[in-house]
Amino acid sequence: MTDDRKPMIECRGVHKHYGDYHALRGIDLTIRAGEFFSLLGPSGCGKTTLLRTIAGFEDISEGAILIDEKRMDEVPANKRPTNMVFQSYAIFPHLTVAQNVAFGLRRDPRGKAEKSALVDETLALVGLRGFGNRAAHALSGGQRQRVALARALILKPKVLLLDEPLSALDRKMREQMQVELIKLQRQVGITFVLVTHDQEEALVMSDRIAVMFEGEIAQLDGPEALYARPANRRVADFIGVMNFLPARIVAEQGGGATVEVPGLGMVDLPARQISRANPDDGGPTIGFRPETMTLLGAGATHSQPRETNATIDEVVYYGDMTYYDLRLDGAAAMDGKARPVRISMRNVFGRDVQEVGTRTRLAWSPGSLVLFR
Amino acid sequence: MAKGGLDAQARQGYALIAPPFLYAALVLAAPLLTILAYSFLTDGYLEVVREFTWANYVQVWTDPIVRTVMLRSLMVSALVTLVTVALAFPVAYYVSFLVRPQKKATWLFLITIPFWTSYLIRVFLWKVILGYNGVVNSSLTGLGIIDEPLTFILYNVNSIVITLAHAYAPFAILPIFVALEKIDRSLLEAGRDLGESRAMTFWRVTLPLAMPGVLAAVLIVFIPTIGDYVTPELIGGGKIPMIANLIQVQMLALDNRPLGSALAVTTMAIVAVVSIVFLLINRRFLKVRS
């Protein structure tokens with residue numbers, strides 16, 4: 001995270017109302033030059049609206065948007081230094097690939113030959129060398145997306161906006177395009193702003209991610225921080241899989257706390273493992289990721305400081321991974337409800353997949369727990 | 001298909017289309033063929049002599065009256081088409097782009113309301129509106145805008161164009177509306193995003209994509225108007241006949257069926273040529289997509 005890069009997009013107190021519906025509720029956000037930034041959230045959280053206000057397709061009701069330190073609120077979409085890759089790609093069906101890519105060059109003063117060379121060069125950049133004369137309708141989904149990218153990048157925008165660009169592709173293609181987009185962004189050095197509802201995609205691709213719920217930014221952080229130290233229960237639940245167990249705070253000292261968790265026992269947690277920004281009420285809760293605990297086979301040893309007994313409720317086999325749903329001994333002690341806990345184990349050679357109903361041991365470390373209060 | 005015979009599916013298909021096909025052959029192909037046959041027969045007084053002749057066609061293609069009327073018909077339908085499509089496009093655009101989705105059906109319904117009355121009555125109404133003491137003239141004189149009633153709006157080409165343009169407006173609005181509805185709205189945003197103003201986006205994206213609808217509208221208006229009979233008769237006061245009126249005179253008043261048939265076949269051929277030209281243009285627009 002190089003914080004010294006100059007700001008490219010600044011949103012200051014941005015509100016958007018559609019009649020009675022409050023779509024954006026005071027967005028404050030700074031996206032730096034050259035950053036790969038993601039807006040992540042469930043559908044209806046306002047992420048696409050925010051992207052469209054940056055592009056100029058939606059007016060804002062309140063606040064200010066600056067791009068490259070210039071006010072953009074009153075600037076129409078066609079005059080903004082942004083270009084967009086649309087969710088549907090919006091490839092012009094009446095034009096060829098080359099005509100699509102050259103669409104924005106109409107007022108460019110360069111000569112015809114120079115423009116045509118630029119089109120070829122840009123097509124090569126996105127891996128479509130020699131596709132110029134193809135009709136737009138004859139392209140696959142992945143190729144359409146590349147045309148949409150080339151069409152935007154050829155104009156050398158200060159910001160490239162991507163509206164769920166990968167959602168229409170199949171899984172293999174999507175994973176391939178994720179890597180290609182990262183490489184492309186490094187190559188061209190343009191600020192990318194990606195909108196996605198796919199948390200994995202955001203984690204893979206972004207320098208920083210803003211997680212949005214109901215028109216507000218819930219957390220803005222790098223991928224690792226977002227995953228390991230979610231700001232609140234809701235973010236934790238949205239990003240990856242998180243187990244939640246009810247907890248009782250026994251004592252507090254300094255910023256830290258001692259909590260009792262049915263099934264796990266007494267745990268001391270330092271301040272950095274405690275999240276205090278929880279608007280949703282539900283009492284103190286302990287959260288942990290499935291991969292932070294280890295399921296032990298009979299007689300296995302481990303280096304984790306704590307151990308808990310459990311029974312296997314369910315086994316879900318994924319090939320490279322196995323998910324186990326466990327019932328921790330004593331988990332029902334607090335309110336009579338025994339919540340299953342999900343643990344993931346990599347299927348390495350020599351480790352058997354355990355069966356449903358097996359009594360087993362779980363090794364874990366208090367360092368992997370987060371307390372939401 | 002290489003087998004030569006028909007597979008079961010093809011046979012089932014033919015069985016399904018057989019009834020409408022027979023119907024079409026009976027009411028469409030048979031009269032057409034009759035007309036075509038008549039056009040090569042010789043006219044005797046009050047009867048048709050069964051002798052082959054080119055004379056009817058020679059007369060059709062050399063007679064200056066036929067030429068004048070044919071050119072007038074072409075000119076009037078071209079004008080009607082131009083006026084109708086030019087007026088229909090903004091209406092279709094408005095309904096497609098500016099009317100809220102839940103109100104579109106109501107708008108389309110309103111556009112088709114003129115069809116609730118017969119064509120003949122609508123034409124008569126135009127006569128009332130445009131007449132010497134009609135609605136237009138009496139209101140304009142009443143308001144003191146004009147002293148004398150306007151005469152250029154009835155019993156001439158202008159009035160025929162106005163009447164036909166009104167009568168065919170829904171036929172032009174609907175295909176253009178459909179073409180506009182099919183345009184993915186994100187394409188227009190993409191045009192704006194790539195630096196074009198609204199006007200240029202319309203010119204470079206909306207209009208080319210609406211072209212198939214516009215050409216369909218052109219054909220739908222042009223083909224029936226060239227053969228229109230009622231409007232020139234009533235609105236034109238019979239003084240400016242179009243080709244259909246000429247055919248009627250030959251067929252009924254003068255009882256020269258062979259010449260009337262030759263006129264009809266010639267008109268059909270000219271319309272066919274014009275239509276094919278338009279279809280070829282349309283194919284150019286359709287080529288890059290679908």
Side-chain angles (χ1 to χ4, degrees), chain A residues 19 48 51-52 54-58 75-108 133-139 144 147-157 159-165 168, chain B residues 85 89 92-93 96-103 175-219 278-290:
Chain A
T48 298
L51 193 80
R52 290 172 58 82
I54 295 171
F57 296 131
E58 309 276 355
V75 179
N78 52 331
K79 300 258 197 287
R80 293 197 187 190
T82 58
N83 282 116
M84 183 128 147
V85 174
F86 291 84
Q87 186 169 12
S88 64
Y89 310 143
I91 304 296
F92 300 118
H94 58 302
L95 303 177
T96 64
V97 168
Q99 286 169 334
N100 261 287
V101 175
F103 190 91
L105 293 177
R106 185 178 65 86
R107 273 181 302 190
D108 190 303
N133 290 325
R134 294 267 187 105
H137 69 84
L139 301 176
R144 278 159 177 270
V147 174
L149 269 172
R151 188 174 70 178
L153 288 173
I154 198 168
L155 302 175
K156 308 259 182 316
V159 180
L160 184 73
L161 306 169
L162 302 112
D163 185 8
E164 307 240 5
Chain B
V85 173
F89 196 97
Y93 187 90
S96 178
F97 282 84
L98 300 170
V99 172
R100 274 184 294 146
Q102 59 268 39
K103 296 224 166 135
I176 297 172
F177 170 77
V178 170
L180 290 172
E181 278 293 282
K182 281 203 299 194
I183 296 175
D184 179 357
R185 297 306 189 254
S186 67
L187 293 176
L188 309 182
E189 286 187 344
R192 302 265 293 138
D193 187 62
L194 295 168
E196 293 293 14
S197 62
R198 279 177 207 283
M200 275 311 289
T201 302
F202 175 81
W203 179 250
R204 295 186 70 190
V205 182
T206 315
L207 197 57
L209 290 174
M211 237 19 221
V214 171
L215 288 171
V218 164
L219 281 181
F278 270 104
L279 285 178
L280 290 177
I281 299 174
N282 205 3
R283 182 176 290 181
R284 206 191 75 76
F285 277 106
L286 291 170
K287 196 180 65 186
V288 197
R289 30 212 220 126
S290 92

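Order of the sequence lines sets the chain letters (A, B, ...), proteins ahead of strands, with each chain counted from 1. The shown structure was predicted, so the numbers you read here are calculated from the model rather than taken from an experiment.
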Measure the shortest side-chain to side-chain distance between [X] and [Y] over non-hydrogen atoms and say whether it is less than 4.5 angstrom.
X: B:Glu196; Y: A:Asn78; result: no
X: A:Pro93; Y: B:Leu187; result: yes
X: B:Ser186; Y: A:Gln87; result: no
X: B:Leu194; Y: A:Phe92; result: yes

Query raised in the report: Hey, mind stepping through A:Met84 and B:Glu189 against side-chain contact (heavy atoms from CB on, under 4.5 Å) and telling me if it holds?
Result: CA-CA 9 Å; A:Met84 183 128 147; B:Glu189 286 187 344; 5.5 Å; no
Requested in this report: Using a cut-off of 6.0 Å, state whether more than 12 heavy atoms not belonging to A:Arg106 lie near its atom CZ.
Outcome: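 Yes, the 6.0 Å shell around CZ holds more than 12 heavy atoms from other groups.
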Query raised in the report: Counting only heavy atoms not in B:Phe278, do more than 12 fall under 6.0 Å of its CZ?
Result: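 It does not: B:Phe278 CZ has 12 such atoms or fewer within range.
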Requested in this report: Determine the option with the most heavy-atom pairs under 4.5 angstrom with chain B, choosing from A:Ala148, A:Gly56, A:Pro76, A:Ser88.
Outcome: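 Of the options given, most contacts go to A:Ser88.
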Query raised in the report: Mind checking what makes side chain to side chain donor-acceptor pair (under 3.5 Å) contact with B:Arg100, not counting sequence neighbours?
Result: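 Partners of B:Arg100 under the side chain to side chain donor-acceptor pair (under 3.5 Å) test: none.
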Query - Single hit among A:Leu161, A:Asn83, A:Leu155 for side chain to side chain contact (heavy atoms under 4.5 Å, CB included) with B:Asp193 - result: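 Answer after filtering A:Leu161, A:Asn83, A:Leu155: A:Asn83.
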Report task. Check whether A:Arg80 gets within reach of chain B through its side chain, its backbone, both or neither, counting any heavy atom under 4.5 Å. Result ->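 For A:Arg80, neither part sits under 4.5 Å from chain B.
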Query raised in the report: Between B:Arg204 and A:Phe103, is NZ or CZ placed under 6.0 angstrom from the six-membered ring centre and within 45° of the ring axis?
Result: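 Verdict for A:Phe103: a cation-pi partner in B:Arg204.
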